[in-house]
Protein chains: 2
Amino acid sequence: MTGEGAAGRPELSRGKVLQKALELADAEGITGLSIRSLAQSIGTKPMSLYYYVANKDEILDGLVDLVFAEISTPQAGGEWKEQMRRRAHSAREVLRRHPWAIGLLESRKAPGPETLKHHEATLATLRAAGFTVQQTARAYSLLDSYIYGFALQEAALPIAGGEPMAQVAAPIIERFASGEYPHLVEIATQVVMQPDYDYGNEFGYGLELILKALEPASAA
Amino acid sequence: MTGEGAAGRPELSRGKVLQKALELADAEGITGLSIRSLAQSIGTKPMSLYYYVANKDEILDGLVDLVFAEISTPQAGGEWKEQMRRRAHSAREVLRRHPWAIGLLESRKAPGPETLKHHEATLATLRAAGFTVQQTARAYSLLDSYIYGFALQEAALPIAGGEPMAQVAAPIIERFASGEYPHLVEIATQVVMQPDYDYGNEFGYGLELILKALEPASAA
DNA sequence: GCCTCCTTCGTACAGCGTACGAAAGTTGTT
DNA sequence: AACAACTTTCGTACGCTGTACGAAGGAGGC
């Protein structure tokens, strides 16, 4: 009707839709990603997207898969601890770049090919390092629990940036006077509000503690 | 207008609104909780709710606080490891009862009084056990990361129940033939699809591993 | 009787996902 | 050249969402 590219040679593709959806989610947050806003950012009309995806849920599934594709994949050859360390730090970094993805993990049920590939490679690395099947399952669950949980807490902080920690403490400050939360005050003043404090740096501490405890022998 | 209780003595209260919202979220999931559906379940009209809450976000904040109130609060007197164990298991159980709450944690910025009380009590217990301020912050972050991450993964599983694990494996089964994911198959068949397997039982394994590694002295 | 406050809620609006079907271009066949 | 078949785009409309605005009506004080 209006059309420059009405038919035959497609102007659009499923990949382009997902790519633009990723950019839009990064820019505006997951609530800013609507079919209408996505179509506008692509330069097309809402209903055109439905030729490439069945519904919005399929877009969200695709986004999760794109995010998994960004996480560094371990190789079965290398030293397992170093491989898991790299993977963990990469996963955290990716989830910090796409904080909306954490909430999506909860509701997706159809893992994409990149997701499966990633899991497969990680499991292969642990098995090759001598973990039994049982140990592998437990170690993987433990590591991912830590990674996702840390990312979740990080995403719940006010905003990324240097030291916006004064803001997270601000609403509590009002109740400071009552002396009702002395230990929260203690943590806030002596740790969180220190000028060079960055919560993200704490990730390595917990990760190393877990890796250290995860020797194949002791993970039974 | 229509009303049995039009004015003066309120039929409603903020607490009742939040209570009903909790029940509705448990019954229908967080997407089933709309202002209209909530009003209907209470037996009033949508706009009446806005006398008690400023907007829907305030309801969600209130729900998170209600959930925190359900988590067993540690006592500063007892043995810290046992206190943290109890708290962790309680938190996981509560988040399994209210799986929608996990996704809410990400987006809430205003902690409620119950949330603050809970944090305060947990911090107090760790400090009383001899953890330094720094160690306390790290230990707490580590424990909560694990708890939230585990709950998140648990919520991502198909449905609660005995052994619905065959379902989560089903979509992958199609790609079994290709031999592309041998380790996923291995885990699926030898661990996940075992008739008595319950992912929730794995929580204790990781928790004990973390608690063991968390001695105040070594947590520097 | 009236005035003021508390509480309820009817109406309306802009936004959402998407079902349905029409329109228009390209390609293949004759 | 004509026509059919297929691919791709998108206009319209429906039922849903949160909520701004303001009217309505009962309760208590004077």
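Protein chains get the first letters and strands the later ones, always in sequence-line order, with residue 1 at the start of each.
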Starting from [atom2] on [N], measure out to [atom1] on [X] and report it in whole angstrom.
{"X": "B:R36", "N": "C:dA12", "atom1": "CZ", "atom2": "C1'", "result": "11 Å"}
{"X": "B:D57", "N": "D:dT19", "atom1": "CG", "atom2": "C1'", "result": "13 Å"}
{"X": "A:N55", "N": "D:dC16", "atom1": "CG", "atom2": "C1'", "result": "16 Å"}
{"X": "B:L49", "N": "C:dT7", "atom1": "CG", "atom2": "P", "result": "14 Å"}
{"X": "A:I59", "N": "C:dT18", "atom1": "CD1", "atom2": "C1'", "result": "12 Å"}
{"X": "A:M47", "N": "C:dA22", "atom1": "CE", "atom2": "P", "result": "14 Å"}
{"X": "A:K56", "N": "C:dT18", "atom1": "NZ", "atom2": "P", "result": "8 Å"}
{"X": "A:Y51", "N": "D:dC6", "atom1": "OH", "atom2": "P", "result": "12 Å"}

Look at the side-chain N and O atoms of [X] and state whether any lies under 4.0 Å from the OP1 or OP2 oxygen of [N].
{"X": "A:K45", "N": "D:dG11", "answer": "yes"}
{"X": "B:Y52", "N": "C:dT8", "answer": "yes"}
{"X": "B:T44", "N": "C:dC9", "answer": "yes"}

Subject >> Side-chain (A:T115) to main-chain (A:P111) donor-acceptor, under 3.5 angstrom >> reply: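 No; judged by distance alone, with no hydrogens or angles, the pair does not exist.
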
Subject >> Distance under 6.0 Å and angle within 45° of ring axis: B:R138 vs A:Y205 >> reply: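 Yes, a cation-pi geometry holds between B:R138 and A:Y205.
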
Subject >> Charged tip of B:R92 within 45° of B:F203 ring normal and under 6.0 Å >> reply: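 Yes; both conditions hold, so B:R92 lies above the ring face of B:F203.
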
Original post:
Going by an N to O cut-off under 4.0 Å, is there a salt bridge joining A:E114 and A:K117?
Top reply: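 Yes.
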
**OP:** May I ask you to say what A:S34 touches in the nucleic acid, namely base, sugar-phosphate or nothing, with a heavy-atom cut-off under 4.0 Å?
**Re:**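 It contacts sugar-phosphate atoms only.
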
